[in-house]
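Please read the structure below before turning to the comments.
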Amino acid sequence: METGCIANKKGGVGKTTNSIHLGARLAALGYDTLLVDLDPQMDLTYGTGSQDNDYNVLDFLKGNGPFTPIQRSDHLFILPGSDELIASDFEPTALKKALKPYSKHFDFVLIDTPPASINKKEISQAEIALMASSFFMISLEPKMYSVKNANSFLGSVQEKIMKKNKELRFIGFFFTNVLVTKKSINVWTEFMKEKASNKLFKSFIRTDAQVEEAVDEGLTIFQYNPNCRASLDYIAFTRELLKRLEDG
């Protein structure tokens, strides 16, 4: 079982939307995939139409009741979030321990978290997710403020998390929310290539209003419009992710 998350201390960089569609694409390829919502705002839960389930991530972490995720489609399962989840109520390894008995049930587990810094004073949802993960990615917008903070966030993960979780691998940076009419993607792609060429995904996710329309209806973009540019971007991105995981 590969467990991963898209991390960033900055908000608005598409972590939830990308997690949903990466999970949906993996499921479409036949991988049994579980999406875990660790964000008390529960955007992934609502974005997949999973808000009416009686069982949620808080029950899972506390060991309450049988494990009953929602099956959204063939091979795609959702563990809904809880607005009562407080990260500091749990040990950093709580999710890792809770997932261990199900390692043979899923090929992939993707964990969605709110924006959060990694620091030594307070446990965050991001820390719990990273401690449970075998890989992580950092999503970026092609903008100065997004790009300039990427290395500092990666450094904090390497300093606090990767020294404890020896299985955790950084798979790479990728650009999201890319406007097709802007040239800035080329500028920032070249910048990142100079800084970390082997860690930058060639694939990126373009802005597409149909993604938000799909999420508003609790659908993935593949269900809503499988031929739009965002669908094609997620297909390419998932293909590249699988290759990176295979190559180690």
Side-chain angles (χ1 to χ4, degrees), residues 1-8 15-39 44-45 48 50 55-63 67-72 75-82 85 87 90-114 116 118 123-139 153-154 157-158 160-174 199 201 234 237-248:
M1 181 176 76
E2 288 277 14
T3 304
C5 63
I6 299 170
N8 201 312
K15 294 190 302 298
T16 299
T17 301
N18 289 320
S19 295
I20 291 172
H21 289 91
L22 175 58
R25 180 57 187 166
L26 288 168
L29 292 171
Y31 295 102
D32 289 322
T33 303
L34 174 68
L35 299 181
V36 178
D37 192 347
L38 269 189
D39 188 343
L44 184 143
T45 299
T48 56
S50 307
Y55 183 85
N56 60 44
V57 71
L58 194 57
D59 298 310
F60 183 62
L61 291 172
K62 290 182 175 181
F67 176 52
T68 53
I70 298 173
Q71 185 167 3
R72 270 286 157 251
H75 306 292
L76 182 62
F77 300 83
I78 312 297
L79 180 55
S82 169
L85 176 63
F90 297 93
E91 295 294 323
T93 56
L95 181 58
K96 182 171 186 160
K97 291 176 180 177
L99 286 170
K100 189 173 182 180
Y102 306 98
S103 60
K104 294 183 179 180
H105 290 67
F106 300 102
D107 300 302
F108 283 94
V109 176
L110 300 178
I111 309 163
D112 188 44
T113 67
I118 304 298
I123 296 171
S124 66
Q125 285 90 347
E127 181 177 354
I128 291 174
L130 288 163
M131 287 297 293
S133 294
S134 55
F135 72 92
F136 76 104
M137 301 167 282
I138 295 178
S139 57
F153 178 73
L154 176 59
V157 175
Q158 291 171 328
K160 185 174 183 184
I161 306 298
M162 297 180 80
K163 288 182 177 180
K164 297 177 183 178
N165 182 3
K166 302 296 185 181
E167 299 175 0
L168 184 62
R169 294 171 291 161
F170 176 55
I171 298 299
F173 302 99
F174 71 95
K199 290 299 183 181
F201 276 72
Y234 282 116
F237 178 71
T238 305
R239 185 187 305 119
E240 186 173 356
L241 170 64
L242 290 171
K243 183 67 167 59
R244 285 177 177 245
L245 290 173
E246 182 184 338
D247 292 344

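Quick note: residue numbers are just sequence positions, from 1.
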(request) Kindly check if the number of other-residue, nucleotide or ligand heavy atoms within 6.0 Å of CD (Gln71) is above 12? (result)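 Counting neighbours around CD of Gln71, more than 12 heavy atoms of other residues, nucleotides or ligands fall under 6.0 Å, so yes.
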To the closest 0.5 Å, what do you measure between [atom1] ([X]) and [atom2] ([Y])?
X      : Y      : atom1 : atom2 : result
Phe60  : Leu85  : CZ    : CG    : 12.5 Å
Leu79  : Phe67  : CG    : CZ    : 5.5 Å
Glu240 : Leu245 : CD    : CG    : 11.0 Å
Ser19  : Ile6   : OG    : CD1   : 4.0 Å
Lys199 : Met137 : NZ    : CE    : 12.5 Å
Asn56  : Ile78  : CG    : CD1   : 13.5 Å

Could you list the donor-acceptor pairs under 3.5 angstrom formed by side chains in residues 163-173, with sequence neighbours left out?
residue : atom : partner : partner atom : Å
Lys163  : NZ   : Glu159  : OE1          : 3.3
Lys163  : NZ   : Glu159  : OE2          : 3.3
Asn165  : OD1  : Glu167  : N            : 3.2
Asn165  : ND2  : Leu130  : O            : 2.9
Asn165  : ND2  : Met131  : O            : 3.2
Asn165  : ND2  : Ser133  : O            : 2.9
Lys166  : NZ   : Lys163  : O            : 3.0
Arg169  : NH2  : Glu2    : OE1          : 3.3
Arg169  : NH2  : Glu2    : OE2          : 3.0

(message) With heavy-atom distances below 4.5 Å as the criterion, would you say the side chains of Asn18 and Leu22 are in contact?
(response)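 SC-SC contact between Asn18 and Leu22 ruled out.
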(request) Taking the side chain as every heavy atom from C-beta outward, state whether Leu154 and Phe136 have any pair of such atoms under 4.5 Å apart. (result)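 Yes; the side chains approach each other to less than 4.5 Å.
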(message) Parallel, tilted or perpendicular: which one describes the rings of Tyr234 and His21, with boundaries at 30° and 60°?
(response)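 Because their plane-to-plane angle is under 30°, the rings of Tyr234 and His21 count as parallel.
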(request) Could you pull out all residues at least two apart from Ser82 that satisfy side-chain hydrogen bond (donor to acceptor under 3.5 Å, both in side chains)? (result)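 None.
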(request) For Thr3, enumerate each residue passing the side-chain hydrogen bond (donor to acceptor under 3.5 Å, both in side chains) test, keeping only those at least two apart in sequence or located in another chain. (result)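 Listed in chain order: nothing, the list is empty.
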(message) Quick test of your reading: applying side chain to side chain donor-acceptor pair (under 3.5 Å), list the pairs with at least one residue in residues 103-113, sequence neighbours left out, ordered by first then second residue.
(response)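 Only Thr16-Asp112 qualify under side chain to side chain donor-acceptor pair (under 3.5 Å).
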(request) Return the set of residues passing ring pair (Phe, Tyr, Trp, His ring centres under 6.0 Å) with Phe237 (not counting sequence neighbours), or none when no residue passes. (result)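 Ring pair (Phe, Tyr, Trp, His ring centres under 6.0 Å) check on Phe237 returns Phe174, Phe201.
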(request) Under the ring pair (Phe, Tyr, Trp, His ring centres under 6.0 Å) rule, collect the residues that match up with Phe77, sequence neighbours excluded. (result)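 If we apply the ring pair (Phe, Tyr, Trp, His ring centres under 6.0 Å) test to Phe77, skipping adjacent residues, the hits are Phe106.
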Side-chain polar contacts of residues 25-39 - donor-acceptor pairs under 3.5 angstrom, sequence neighbours left out - could you list them?
residue : atom : partner : partner atom : Å
Asp32   : OD1  : His75   : ND1          : 2.8
Thr33   : OG1  : Tyr31   : O            : 3.0
Asp37   : OD1  : Asp39   : N            : 3.0
Asp37   : OD2  : Thr45   : N            : 3.0
Asp37   : OD2  : Thr45   : OG1          : 2.6
Asp39   : OD1  : Gln41   : N            : 2.9

(message) I'd like to know whether Phe135 forms a side-chain contact (heavy atoms from CB on, under 4.5 Å) with Leu241, so could you lay out the CA-CA distance, the side-chain angles of the two residues, the decisive distance to 0.1 Å, and finally the verdict.
(response) CA-CA 11 Å; Phe135 72 92; Leu241 170 64; 4.2 Å; yes
(request) Sequence neighbours left out, what passes side-chain contact (heavy atoms from CB on, under 4.5 Å) with Lys100? Give chain and number order. (result)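 Applying side-chain contact (heavy atoms from CB on, under 4.5 Å) to Lys100 gives none.
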(request) Check Tyr102 against Met1 and note the closest heavy-atom contact, atom names and distance. (result)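 Smallest interatomic distance, heavy atoms only, reads O-SD, 3.9 Å.
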